[in-house]
Each structure stands twice: as C-alpha cells, then as structure tokens.
Amino acid sequence: MKSALDQRKRCALPRYGNYNCVFRYLLEKGVNVKCILPPEITRKTVDIGARNSPDFVCVPFKTLLGSMIEALEAGADTLIMPGGACRLGYYGELHEQILRDMGYEFEMINIAEYGDLGKNILKIIKRINPKAKVSAFLMAALDAVKMLDYVDEITAQMYQNCGFEINKGEYKKAYNRFLSDMFRAESRNDIEDGYKRVKDAFAAIAIDKPEHPLRVGLLGEYFTIMDPPSNLYIEEKLADMGVEVWRWLNLSNRQFKENSDRNLHVRIRDLCRYDMGPTSTETLWSAKKWAEDGFDGLIHVKSANCTPEIDLMPMLQRVGQEHKLPILFQNYDTQTSDVGLMTRLEAFYDMISMKKRV
C-alpha cells in the first residue's frame, strides 16, 4: 500500500539554468507535491525538442519542449509551464498539443492561462494540490525567494572573479558544491548554511586580479542569457580568458529588485520612450549603464528570430558608437557550435584587449 507521500503528484518544470533548486523547494515544501527534476540540458535535449517542433520557432521553444519530454520520461505526471511576456506566453498550449500528439498522458498546468500571477497565485496552488496549505506555501515562498537571491549573488560573484584564481577550478568546485546544497535543502537553516559555506569557500580562494581587468557585460534575451547550456556556457568561456563578466539580468533582479520601468527608463529616455517587449528595457538600460561605467565590451545574447531583441540592435549600435564601445552580437540556433562561438569570442577578446592597451 502506497504511503501519502508516494501518492503525491509528480510535478516538473522544464530545466532552466540553475533555478530548478528553487522550484523544487517551493513545490515540495510549499505545495506538498513531489518535484521531478529533468536532466540537465544537453545537445540531446535540444535535438529531441527540435525534432518535434516547427522549424522556424525560436530555440527556447525547442529546448523547453525537449526538457518536458525528458521530465515525462523521468516519471512526471504533471507539467508546470511558466508564463512569459513574449511568445513564451503562448508556448504552453503548443507544447501541450505536441506532447499529446506524441502519445504522452499528463496534466498540464499552464501558468500563462491565469493572467496576473499575483492575483491568481492561490488558484494555481490549489490547482496543483487542492490540499495545499496557504501558510506553508507562504513560508516556503519566503525561503525560496531568499534561495533565489543567494543563487544569483553567488553566480555573479563567481563569474566576476573565477577568471583570476591562482589555482584553476577552485571557484567552480565551490560553486557546484553550493548548488548541490541548494538542491538538497529542506529548511531555511539548510539554505543559510549552504550560503555561508560557499561565502567562506570563496573568501579563501587566492586570486590575482589586476587593478583594471577587462570587463565585459552580457545582455539580451530572457531565456538564453540565463541558461548556461543554451548559451554554450559563454560566461565560463569568457572567465577562462581572464575577463570579469557581468550580467544584470537574472530572476532576482528582474522579478524582485529593480523591476521598475519608470526607474529603468530614466537612464535610457534618449533611446526609447516605451517598453518594446520582454527584456528590451533592461537590455538598453544595462548597455547604457555599462558604457558609462567604462566597460571594455558588451555581448548581446539572443536566440535566432527573437523579435524584441532584433528591434533593439540599432539602438545598441548607437550606444556603442557614442561611447566607442565594441559590441558582439551573438545569435544562437540549434546549429550553433562550441567551435564557432569560441572563434568569435577569441577574436572579440583580442580586439578589446588591444583597445585597452592602446
């Protein structure tokens, strides 16, 4: 006879960067369901999604579909699809239809169908688990937001410093141990202990950073820039070249900290008066800020055919021209290779390093 825990729904969200530890904690501690973690995204994930997707749809659609298939194969009986401000908001219905045409049986909870998340969060919780306790969810949500903040803080700290470590690999080892702690966390104390351990570990790592290192800012499309497998680990590649890598766009900044259109627009009112789509304001804001702060280069990351980010390119070129700031425009599709990316990054690095010496 199955226990009550064994009878819980087996829910999964598509793999998204290093944030599934936060999703797992919120679902298991706040909604009392079993969270199925899809495997990390690989070329196989993208290939599975691409084979079953329309040819000209953007890469995030294909990646998310591949991750959902892997989640179902791993035993999930319920899929949760986050909403989105661009075409991502329509993907859930298409993904569900494709998966059902493939023969999968599951329950689909498409958050985009609920509109305003803040007003409908209780409906979503009760849809996932009618017996979920609101008090438990609120407590878990506070813990999950803190975990999210820690993940983004530690990720930023690593890529701003790991390129200058004396003993190569120490930052990555400490960072991976921190992520493992977050995936295993069962309480707020576990989260705080894991955070303290990684902060202590980072503080003990010897680095040799010049007074004025090469600084590169990453900006661009919401999904690709925050998911390392989707951008072919561009932050890690740049750090290995001895670059201090900055990325403003992460979930904690975007959703909880500086997500004020009015304040973001103050810096870029000479470039745009209206929000052009999902992360357009943040992309321009980051470009203008880093240009004024004297960064050595910017890299604009997006999936192929991402319309909002394509619309921004003329304005990014204007920022680059006005501040004499090199900008690399990097597109990703299912054929983008490590070799091709490395060739472009090495040429970009040579250019900005020579410019800095001059």
Side-chain angles (χ1 to χ4, degrees), residues 8-42 44-46 48-49 60-84 88 91-92 95 106 108-111 117 124-125 128-129 137 140-156 158 172 175-188 190-191 194-195 198 222-231 233 235-236 247 249-256:
R8 295 181 299 173
K9 280 184 178 178
R10 300 170 64 83
C11 299
L13 286 91
R15 197 82 181 198
Y16 185 27
N18 294 316
Y19 293 125
N20 284 71
C21 58
V22 181
F23 305 150
R24 180 206 70 85
Y25 189 92
L26 186 60
L27 285 173
E28 294 196 344
K29 299 302 174 184
V31 193
N32 193 29
V33 296
K34 175 65 177 174
C35 182
I36 301 298
L37 292 173
E40 291 188 11
I41 291 172
T42 62
K44 177 185 175 184
T45 310
V46 179
I48 292 172
F61 182 102
K62 299 170 184 177
T63 304
L64 290 168
L65 179 63
S67 187
M68 288 180 176
I69 291 172
E70 291 181 332
L72 291 170
E73 294 292 340
D77 56 31
T78 304
L79 295 177
I80 301 174
M81 178 61 183
L88 180 64
Y91 286 177
H95 284 146
F106 59 96
M108 183 72 161
I109 300 176
N110 184 4
I111 294 178
L117 181 60
I124 298 171
I125 294 167
I128 298 173
N129 180 7
F137 176 80
L142 291 174
D143 293 347
V145 169
K146 179 56 68 175
M147 182 191 291
L148 176 67
D149 188 34
Y150 286 160
V151 168
D152 285 334
E153 176 193 338
I154 295 303
T155 300
M158 184 180 77
K172 189 172 183 179
Y175 181 69
N176 288 337
R177 187 163 57 242
F178 163 71
L179 291 178
S180 295
D181 287 341
M182 295 302 102
F183 272 106
R184 293 195 301 265
E186 297 293 331
S187 66
R188 181 63 172 266
D190 291 343
I191 296 170
Y195 174 70
V198 73
Y222 194 88
F223 183 90
T224 305
I225 197 173
M226 285 192 274
D227 184 59
S230 294
N231 60 49
Y233 301 92
E235 289 173 286
E236 186 175 325
R247 170 170 56 87
L249 187 58
N250 56 45
L251 284 187
S252 55
N253 279 343
R254 179 67 168 83
Q255 304 302 137
F256 298 106

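No experiment lies behind these values; they were computed from the predicted model shown.
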To the nearest 0.5 Å, what is the distance between [atom1] on [X] and [atom2] on [Y]?
X	Y	atom1	atom2	result
C11	L79	SG	CG	9.0 Å
L72	T78	CG	OG1	9.5 Å
M147	D181	CE	CG	10.0 Å
L249	M226	CG	CE	4.5 Å
F137	L27	CZ	CG	9.0 Å
L13	I80	CG	CD1	5.0 Å

**Item:** Nearest atoms (heavy-atom pairs only) where P60 meets T224
**Value:**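 Nearest pair, atom of P60 first, then T224: CG-OG1, 4.1 Å.
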**Asked** Looking at residues at least two apart in the chain, or sitting in another chain, which of them share a side-chain hydrogen bond (donor to acceptor under 3.5 Å, both in side chains) with N231?
**Response**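 Scan of N231 (side-chain hydrogen bond (donor to acceptor under 3.5 Å, both in side chains), adjacent residues dropped) gives none.
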**Request:** List in chain and number order the residues that pass side-chain hydrogen bond (donor to acceptor under 3.5 Å, both in side chains) with E40, two or more places apart in sequence or in another chain; answer none if no residue qualifies.
**Result:**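 Expected list: none.
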**Item:** Pair Y175-T155, side-chain hydrogen bond (donor to acceptor under 3.5 Å, both in side chains): steps then yes or no
**Value:** CA-CA 8 Å; Y175 181 69; T155 300; 2.6 Å; yes
With no hydrogens and no angle check, is any side-chain donor or acceptor of [X] less than 3.5 Å from a backbone partner on [Y]?
X	Y	answer
R10	I36	no
N129	V33	no
E28	C35	yes

Beyond-backbone contact of [X] with [Y], side-chain heavy atoms, under 4.5 angstrom:
X	Y	answer
K172	E236	yes
I111	I124	yes
Y222	D227	no
Y150	V198	no
V151	L148	no
V145	Q255	no
K44	I48	yes

**Asked** How far apart are the C-alpha atoms of D190 and R184, what are their side-chain angles, what is the distance that settles it, and do they pass the side-chain contact (heavy atoms from CB on, under 4.5 Å) test?
**Response** CA-CA 8 Å; D190 291 343; R184 293 195 301 265; over 6 Å; no
**Asked** Would R188 and D143 pass as an ion pair if we require N to O under 4.0 Å?
**Response**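 Yes, charged N to carboxylate O under 4.0 Å.
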Can you give the donor-acceptor pairs under 3.5 Å from side chains of residues 61-68 to other protein atoms, not counting sequence neighbours?
residue, atom, partner, partner atom, Å
K62, NZ, D55, O, 3.0
T63, OG1, V59, O, 3.1
S67, OG, R15, N, 2.8

**Request:** Using the six-membered ring wherever Trp is involved, compare the ring planes of Y91 and H95 and label them parallel, tilted or perpendicular (cut-offs 30° and 60°).
**Result:**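 Rings of Y91 and H95: perpendicular, as their planes differ by over 60°.
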**Message:** As a quick check of understanding, evaluate side-chain contact (heavy atoms from CB on, under 4.5 Å) for M182 and R24, giving each step before the final call.
**Reply:** CA-CA 10 Å; M182 295 302 102; R24 180 206 70 85; over 6 Å; no
**Request:** Could you walk me through whether D152 and Y19 pass side-chain hydrogen bond (donor to acceptor under 3.5 Å, both in side chains), step by step?
**Result:** CA-CA 9 Å; D152 285 334; Y19 293 125; 2.5 Å; yes
**Message:** Apply side-chain contact (heavy atoms from CB on, under 4.5 Å) to residues E153 and Y195 and explain how you reach the verdict.
**Reply:** CA-CA 10 Å; E153 176 193 338; Y195 174 70; 2.8 Å; yes
